[in-house]
Amino acid sequence: MFENQYNEEMEAEVRRLEAKARATQAGHPEWENACRVCGKEISGTTQERCGDCQ
């Protein structure tokens, strides 16, 4: 039980860090996330691409 919760929390943290890195690479370190393809701001950390680039 605790192992599953830990894994989910770590996966969420990795997604958050990857999203923040994409935003920084797009030139906007203040953003939470940015599209991997075009660099537009994306809300949340679960997506790597915006709606236009999917």
Asker: What distance do Gln25 atom CD and Arg36 atom CZ have between them, rounded to the nearest 0.5 Å?
Answerer: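 Output value for this atom pair is 8.0 Å.
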
Asker: Does Glu3 CD have over 12 foreign heavy atoms under 6.0 Å away?
Answerer: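 Count not over threshold, so no.
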
Asker: Can you measure from CD (Glu32) to NZ (Lys20) and round to the nearest 0.5 angstrom?
Answerer: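 It is 8.0 Å, given to the nearest 0.5 Å.
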
Asker: Ignoring hydrogens, what is the shortest heavy-atom contact between Asn33 and Thr45? Give both atom names and the distance.
Answerer: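 So the two residues come closest at ND2-CA, 3.7 Å.
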
Asker: Taking 4.0 angstrom as the limit, do Glu13 and Arg16 come out as a salt bridge?
Answerer: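 Salt bridge: yes.
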
Asker: Looking at CD of Glu9 and CZ of Phe2, how far apart are the two atoms once the value is rounded to the nearest 0.5 Å?
Answerer: 11.0 Å

Asker: How long is the straight-line distance from CG of Leu17 back to CZ of Arg15, given to the nearest 0.5 Å?
Answerer: 11.0 Å

Asker: Going from NZ on Lys40 to NE2 on His28, what distance comes out if it is rounded to the nearest 0.5 angstrom?
Answerer: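 Reported value, rounded in 0.5 Å steps: 12.5 Å.
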
Asker: Between Ala23 and Ala34, which heavy-atom pair has the shortest distance, and what is it?
Answerer: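 The answer is CA-CB, 3.6 Å.
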
Asker: What closest approach, in Å, do Gln54 and Arg49 show between heavy atoms, and which atom pair accounts for it?
Answerer: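 Nearest pair, atom of Gln54 first, then Arg49: NE2-O, 3.3 Å.
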
